[in-house]
Amino acid sequence: MNLFTSFMLTSMFMLLLPIIMSNTQLYKNNLYPHYVKTTISYAFAISMIPAMMFVSSGQETIVSNWHWLSIQTLKLSLSFKLDYFSIIFIPVALFVTWSIMEFSMWYMHTDPYINRFFKYLLMFLITMMILVTANNLFQLFIGWEGVGIMSFLLIGWWYGRADANTAALQAILYNRIGDVGFITAMAWFLANMNAWDFQQIFITQHKNLNIPLLGLLLAATGKSAQFGLHPWLPSAMEGPTPVSALLHSSTMVVAGVFLLIRFHPLMEQNKTMQTLTLCLGAITTLFTAICALTQNDIKKIVAFSTSSQLGLMIVTIGINQPYLAFLHICTHAFFKAMLFMCSGSIIHSLNDEQDIRKMGGLYKPMPFTTSSLIIGSLALTGMPFLTGFYSKDLIIETANTSYTNAWALSVTLIATSLTAAYSTRIMFFALLGQPRFNSLSPINENNPHLINSIKRLLVGSIFAGYLISHNIPPTTIPQMTMPHYLKLTALAMTITGFILALELNLAAKNLKFKYPSNLFKFSNLLGYFPTVMHRLPSTMSLTMSQKSASMLLDMIWLESVLPKSISHFQMKMSTIVSNQKGLVKLYFLSFMITLTLSLLLLSFHE
Amino acid sequence: MSMVYVNMFLAFIMSLMGLLMYRSHLMSSLLCLEGMMLSLFIMMTVTILNNHFTLASMTPIILLVFAACEAALGLSLLVMVSNTYGTDYVQNLNLLQC
């Protein structure tokens, strides 16, 4: 009997302490952010112990503490599932959050409500932990909704800005559409299997699982910004950079992928669902990579990069490799958070300048940020033996050697080269060349908070892939033998993307900007998707309801059909038919004379 | 013929003359229409009562009802004319417009 569950629950409970303390004096002084950061670092250290235990002995636990209620035959209790996925994800998430908290101590330093910011970030982390360790769908839904609410509060942090409020509302609405799918799945499981616990769902045999799996796919589409419900993710960049780094790159948006990974025993048998997932992920990754090519805001490019990687994770689930998708989640968290933090460092140093057309030549004044940005981009594109290589290259190899949809495969490969292209674009415009920014901004990256946090994630971006993939228990066996051209595909596509983008950027650097072509406009306006989908359906439904309620019912059926039409008809007919002149007295007089004359004549007739 | 009937018949003829010969106001012909209705009503009632014509006893009531309807129609026409022209002079009705 070891201390596995004690350590894990202690680590979880420690995260609650700063929230509980928020009513006391501790919340009001300016050491509160430091307190939160140290709490999270201790929680990370403590959660590494169960992770080591799991690595060495493969021990998994399910903790069912408290029986809440039983609704007829459904038993709802508070239960934590500490299996392969949770145990590895929790230390990774805590490590990344620790670095982000330290970064936001530098970034949000001048904000008067910094304590509330840290409290919100911590509440988000707690709900994410609830989501990841949930053993039944009800607890998962609590975590699901919790991350949605905290995302809303954090995107709209600067609520005086109208765009931020719109973006927060957009995030909530798109997530809600996904929640419809989640609740469909919950209702189906309740009605057909009488359980919301994973163990019972995975054991019972059932013939046709299309409906709940479609519901779960819709939920993942909403939460992980797949094609169709994706516009909220680039709009969510209205929030502060630590929020983008934590929520919209590492943690919240992987909740949808995590849900599908949790249900992998059900998805293994259903070929239709796998094909659907594969095609959805493929179109997402290509579409968002195309949109990222012509954006000018550095945070939006990184947001589209996140969206593209999420599509790649969904593709991995579609080829029936949930463990690879999970590995990609863990490794992606490191370098994506670091990319966001480097962007935040650049933005703050240039006095809140986010347009890459106004940056340039930062490799001399900001060497540390430059090197970490370049390492992060290389890790993102899958440079051999950095972090991204261990997951991304394995995914591409497995997709190449499996019996899968050729369109989805080729689209994923094209998106891989586009990843390299837009990464080159960021590096070229922001870091290289001559400066294009206002020369009066004091560029300073010497703050220890900034340096330490990025340094930690830098070490993670380089080594974490190796460490994680060599220490996890064996899962599905990766393909070991393949022809050499398949093995080198990912590397070749990436190098192609790099070279093409570099050549194009260098060649077009001093050319005059002509009017944008149609392809450029398609890419820059996000494929016209928000322009069309945010205006057309709402206009159509509102116009239709106005026409049917007001015009059809009121004005036509109640006014025009009987009353007005009768009066109109009568008047028209009378004016057409009559040919009189209106000499009323003459007509009456002639009537009377005729009457009198006839009476006189007839009465004196014999 | 007895004097009563001649009297009422003369009243009817007077009202008819008044309906067909008037100077300017449309209202006066409407009033004479009411007079015609009144004399008809009395004549009908007296005849039925004198001849003990029991089965036709409801006819005066029916006559009253129809006369009320026609009076309402006449008045509404008067109101329409008065809305357009301000008065009910008959010489206004020369355009065949409403």
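Atom set for the values below is all heavy atoms of this structure, side chains included, hydrogens, waters and symmetry mates excluded. Letters go in sequence order (proteins before strands), and every chain restarts at 1.
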Checklist line | Spacing of A:K585 atom NZ and B:M21 atom CE [to the nearest 0.5 Å] | finding: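 Rounded to the nearest 0.5 Å, the NZ-CE separation comes to 11.5 Å.
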
If you count every heavy atom of other residues, nucleotides or ligands that lies below 6.0 Å from [X] atom [atom1], does the total exceed 12?
X	atom1	answer
B:L77	CG	yes
B:L55	CG	no
A:Y528	OH	yes
A:F520	CZ	yes

Note to self: For a 4.5 angstrom cut-off between non-hydrogen side-chain atoms, does A:Y587 reach B:L20?
What the structure shows: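 A:Y587 vs B:L20: side chains apart.
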
Checklist line | Per-residue contact mode, B:L19 against chain A (heavy atom under 4.5 angstrom) | finding: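 Only the backbone of B:L19 comes within 4.5 Å of chain A.
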
